[in-house]
Student: 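This is the structure I want to talk about, given as structure tokens.
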Amino acid sequence: MNPMNDILSNLNPAQREAVTTINGPLLVIAGAGSGKTRVLTHRIAYLISQGIQPDNILAVTFTNKAAGEMKERVGNLLKTPPLSPYQREAWGGMPWMGTFHALGVYLLRRDGHHIGIPRSFTILDEDDTQSVIKRIIKERQLDPKQFQPARVRHIISALKNNQSKNKEYEQEEEELRYPKEITNIYQQYEKELQETHALDFDDLLLKTVGLLHAHPDVLAKWQAQWRYILVDEYQDTNHIQYTLTKLLSGPADSEHNIMVVGDVDQAIYSWRGADFRNILSFERDWPQTKLITLEQNYRSTGIILEAANAVIQKNKERKEKNLWTERAEGPLLEINVMENEREEAAFIAREITRLKRTGAKLRDMAVLYRTNAQSRALEESFLRNSIPYRLIGGVRFYERKEIKDILAYVRLAANPRDRTSARRVINTPPRGIGAVLAEKYFAEKTLSPKEQARLDTFLGIKKNLETAYTTSAPSELAHIAIIQSGYETYLRDGTPEGEDRWANAEELFSVTSAYDAMDPPQGTDAFLENAALVSDADSIDASADAVHIMTIHAAKGLEFESVFATGFEEGIFPHTLSIHEPAQMEEERRLCYVALTRARTRLYLSAAQTRAIYGEVQWNEPSRFLREIPEHLVQLQQPIETNYLETEI
DNA sequence: CTTTGCATTATTTTT
DNA sequence: TAATGCAAAG
């Protein structure tokens, strides 16, 4: 079959134009369900089919999962086999695709040495970052109430990102707003990261931009390579990502071809520094921009779309667009106000069971909520009613203690100077090295023979792991780590929880083995990089027949036949912390828009009159969002009074 | 040094 | 509620 048929057939005129306009800057405003991913993948395939080298294409996505999907779909379009993660670098047949953070790692591993970044640096996640800050606060004997680690982390992150904006007066002002202790903590934090060869999430982007600014030759090299740049979810890029995009795409009048895709109505990450004005001002930044708007929705029924449009229209800061569909009207939305969160969950369980009896698949259903804490009642209800479910997010896999511990051993093997990891495992499992002795060791104080002896057990393990790092495959290294350190015995303490933890550890080994095919040190490096950057959303397994339950944020980019959006209560959704701030209120509404537009056919909205949150019962008014949906689209259910709470359904 | 138990406390969303 | 911190006992 002629591949061109595959690439250009089944595209509507707007999509086709977005795929085939390959010269000059291009802005694609893509409403929910309008075939955005389709446009991106077909465009990449089209570029390649036009003789453009895959090496010359860079595609940046929001999640690793999106990148993975993109690779697979481009691969299918080009009739080549899909790639597994470790093949990415080995095989030049694919464009570079990944998140901004992964791009930062990619560039820094190659060229970071120009600005003094060692090849094997450690990536600190927010957890790691916070524990470093926490310790610094403690060391400096500051009041942890006045300097809350989480808050200080936030401020430091803001200060770091502000530097890049290069507005001196603003920066001065910024620093004046915080006590000088913050500056001290910040400085010590930076110093420690440098000494221990560690980069935090912010650094992955900031240092990359710093590198490109400081070394025009390096910048020129990558600019010459990536002549076609695609950025997905542009509305959720932050300032530094914007700068990186601009740098790589060269001067506005250059031969570079940049294309960004996004939707202001789906901007839901401003709390993380994203600025959707990046997309609003794209045409100003790239004056020759061609604008294409995708307004035909292929996902949802007319009713669902009308409801979503009605809600989002209440927002002021947006670019007007009108999503339409050729799909039938479909069933009305169902709104249920239940007595409490357990009844809400019980209702959902009943409805899911009913749908299943009519032949629906569990994997086509999703339950969405605003905050992770809301998952509990749902999980309990599903367990009680034997409904298989898959929880996305919550305590993420890589945030589990046992996983972080094992990872710390592996990271220590890769980077012997990684003190954050060393602190973590120096006495895990307990080997007689308490906090005092540990700090004595880090400060290189002289130790008594007894102390030295206790420390030597740890140092012996460390040395062996460093050797294993250079000679063994990652899964082998992980095994050596847990056996030598006695961690397995420590984990499996005979309790059922111990076996759960061990099961998690074994899951980790199966992840590591995916990298075993690479040559020893690189395999471990690739694995660690992946572990630091993946999220749970990346591991959604669509093959299992289970209901997906997750936050609305985690559902971004996904779609389901039936969607249960829950917790429509003032204070929950919209969240209390957003209610008084109009800009944040608009973000909550966009979040609502995202929730509604995940549904293809059936959409259930529910609320609880009372809800137990952190052990306390709250009474909440129904969410304003419920009132913003036109009545004629809704079938309002009476609260159901039966006490099916404890009974099987 | 390690374990235990009590008290405190902080609660959004996550690459 | 659950996670963490802290003090006291083992």
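Side-chain atoms are counted along with the backbone in the values below, which use heavy atoms only and exclude waters and symmetry mates. So you know, we letter chains A, B, ... as the sequences are listed, proteins then strands, and number each from 1.
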Student: Spell out protein contact along nucleotides 6-13 of chain B as letters: B when the base is contacted, S when just the sugar-phosphate is, - when no protein heavy atom is under 4.0 Å; keep the 5' to 3' order.
Tutor: ---S-BBB

Student: Does Arg611(A) come within less than 4.0 Å of Glu569(A), counting only side-chain N to carboxylate O?
Tutor: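 A salt bridge is present here (some side-chain N lies under 4.0 Å from a carboxylate O).
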
Student: With a 6.0 Å cut-off on ring centres, are Tyr269(A) and Phe62(A) close enough?
Tutor: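 Centroid separation for Tyr269(A) and Phe62(A): below 6.0 Å.
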
Student: Report the distance from atom CG of Asp232(A) to atom C1' of dT15(B), rounded to the nearest whole Å.
Tutor: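 Rounded to the whole Å, the gap is 14 Å.
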
Student: Taking side-chain hydrogen bond (donor to acceptor under 3.5 Å, both in side chains) as the test, write out the residues that go with Asp200(A), two or more places apart.
Tutor: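 Only Lys160(A), Tyr189(A) meet the side-chain hydrogen bond (donor to acceptor under 3.5 Å, both in side chains) criterion with Asp200(A).
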
Student: Nearest-Å distance, NZ (Lys556(A)) to C1' (dT15(B))?
Tutor: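 Distance, rounded to whole Å: 10 Å.
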
Student: Rounded to whole Å, please give me the gap between CD1 in Ile426(A) and P in dC1(B).
Tutor: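 Whole-Å distance recorded here is 11 Å.
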
Student: Separation of Phe62(A) atom CZ from dT15(B) atom C1', in whole Å?
Tutor: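 Atom CZ in Phe62(A) sits about 6 Å away from atom C1' in dT15(B).
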
Student: Can you tell me how far apart CD (Gln584(A)) and CZ (Arg589(A)) are? Round to the nearest 0.5 Å.
Tutor: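 One gets 13.5 Å once the value is rounded to the nearest 0.5 Å.
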
Student: How does each nucleotide of nucleotides 3-10 of chain C score, in 5' to 3' order, for protein heavy atoms under 4.0 Å: base (B), sugar-phosphate only (S), or none (-)?
Tutor: -SSS----

Student: Whole angstrom is fine here: how far is it from CG in Leu558(A) over to P in dT14(B)?
Tutor: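 Roughly 13 Å, once rounded to whole Å.
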
Student: When the distance from CD of Glu126(A) to P of dT14(B) is rounded to whole Å, what number comes out?
Tutor: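 Atom CD in Glu126(A) sits about 11 Å away from atom P in dT14(B).
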
Student: Do Ile240(A) and Thr208(A) have side chains that approach each other closer than 4.5 Å (heavy atoms only, starting at C-beta)?
Tutor: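 No; the side chains remain at least 4.5 Å from each other.
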
Student: Please report the distance, rounded to the nearest Å, between NZ in Lys401(A) and P in dA2(C).
Tutor: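 One finds 19 Å between P of dA2(C) and NZ of Lys401(A), rounded.
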
Student: Scan Asp125(A) against the nucleic acid and name what it touches under 4.0 Å (heavy atoms): base, sugar-phosphate only, or nothing.
Tutor: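 It contacts nothing in the nucleic acid.
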
Student: Taking the minimum atom-to-atom distance to the side chain of Pro430(A), which one of dT2(B), dA2(C), dT15(B) wins?
Tutor: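 Of dT2(B), dA2(C), dT15(B), dT2(B) is nearest to the side chain of Pro430(A).
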
Student: Whole angstroms only, please: what is the CD1-C1' distance between Ile392(A) and dT14(B)?
Tutor: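 Computing the Ile392(A):CD1 to dT14(B):C1' distance gives 14 Å.
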
Student: Only one of Leu204(A), Val231(A), Thr61(A) passes side chain to side chain contact (heavy atoms under 4.5 Å, CB included) with Phe100(A); say which it is.
Tutor: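 Single side chain to side chain contact (heavy atoms under 4.5 Å, CB included) partner of Phe100(A) among Leu204(A), Val231(A), Thr61(A): Val231(A).
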
Student: Could you give the distance separating dT13(B) and dT4(C) at their C1' atoms, to the nearest angstrom?
Tutor: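 My reading of the C1' atoms in dT4(C) and dT13(B) gives 22 Å.
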
Student: What's Arg431(A) touching, base or sugar-phosphate or nothing? Going by heavy atoms closer than 4.0 Å.
Tutor: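 Sugar-phosphate, backbone atoms only, no base.
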
Student: With Arg431(A) as the cation and Phe458(A) as the aromatic partner, state whether NZ or CZ is under 6.0 Å from the six-membered ring centre and within 45° of the axis.
Tutor: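 Geometry flag: not set, cation outside 6.0 Å or 45°.
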
Student: Could Arg109(A) and Phe121(A) be counted as a cation-pi pair, given that NZ or CZ must be under 6.0 Å from the ring centre and within 45° of the axis?
Tutor: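 So Arg109(A) does make the cation-pi contact.
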
Student: Is Tyr389(A) close to His548(A) at the side-chain level, that is, under 4.5 Å between some pair of heavy atoms?
Tutor: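 No - every pair of side-chain heavy atoms lies 4.5 Å or more apart.
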
